[in-house]
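These notes are about the structure you will find just below.
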Amino acid sequence: MRLLIVEDDQELTTLLQQRFKAAGFAVDLAHNGMDGQFMGEEIDYDAIILDLGLPQKNGIEVLKAWRAKPILTPVIVLTARDAWHERVDGFKAGADDYLGKPFHFEELLVRIQALIRRAHQAVTPNNILDCCGLKLDEDHQTVTTADGMTHELTGKEFRLLRYFMLHPNQILTKSRLTDHVYEYDTDRDSNVIEVYVRHLRRMIGTDRIVTKRGQGYSLIT
Ligand code: CA
């Protein structure tokens, strides 16, 4: 899952980036409205966290520009506590959810997870993603297979498997998987995807992730 955070408070963004990475997200940061708008238009994010008070272009204008395109990525806006008019403006501009500052990271995380699951119509209780005979526990980063075996996943394995499970039976190219499993600016050697696919096959069964020669991989339901 690839997340964009548009927020000018650098202390806050650094903290959020660390926490979201630990929760299995690839995270990109933008510190002003212009950069944020550009990145939201250029990159296919799974969700966006958007502050409203931003330099260069405010969050409402950025959101309106995305929705006019239309870019329909789920967006949660960060608003000043008790500023009900900001929340109304946010929803009118096309926000999917809001959170008042200051907030607890745990609440932001579950709201983002809920937005992403809703966008993929995979609504499940207890942060368990249930698809394809697999149960992925987002809190503990484990997968339980149909035979009842539970496997612990590394951060990269977890991110990769979650992406497969949210896009079952679709051919996913290595470059698309790289985009959603790694951050924008880190080493993007797509050969490592092969290594992690091999790890996943060992856990969930070799025939579950099919190689489409010259195209990519597909998780078969
Ligand atoms: Ca701000």
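Start at 1 and go down the list; that is how both ligands and their atoms are numbered. Below, all heavy atoms of this structure are taken into account, side chains as well, without hydrogens, waters or symmetry copies.
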Close to the Ca ion (ligand 1), meaning under 3.0 Å, how many protein N, O or S atoms are there?
3
Salt bridge (charged side-chain N to carboxylate O under 4.0 Å, His left out) with E11: which residues, sequence neighbours excluded?
none
Atom NE2 of H85: over 12 foreign heavy atoms under 6.0 Å:
yes
Partner set under salt bridge (charged side-chain N to carboxylate O under 4.0 Å, His left out) for E107, not counting sequence neighbours
R111
Residues two or more places apart in sequence or in another chain: which of them pass salt bridge (charged side-chain N to carboxylate O under 4.0 Å, His left out) with D89?
none
Can you tell me if OH on Y98 sees more than 12 non-hydrogen neighbours from other groups inside 6.0 Å?
no
Ionic contact status for D96 with R67, cut-off 4.0 Å
yes
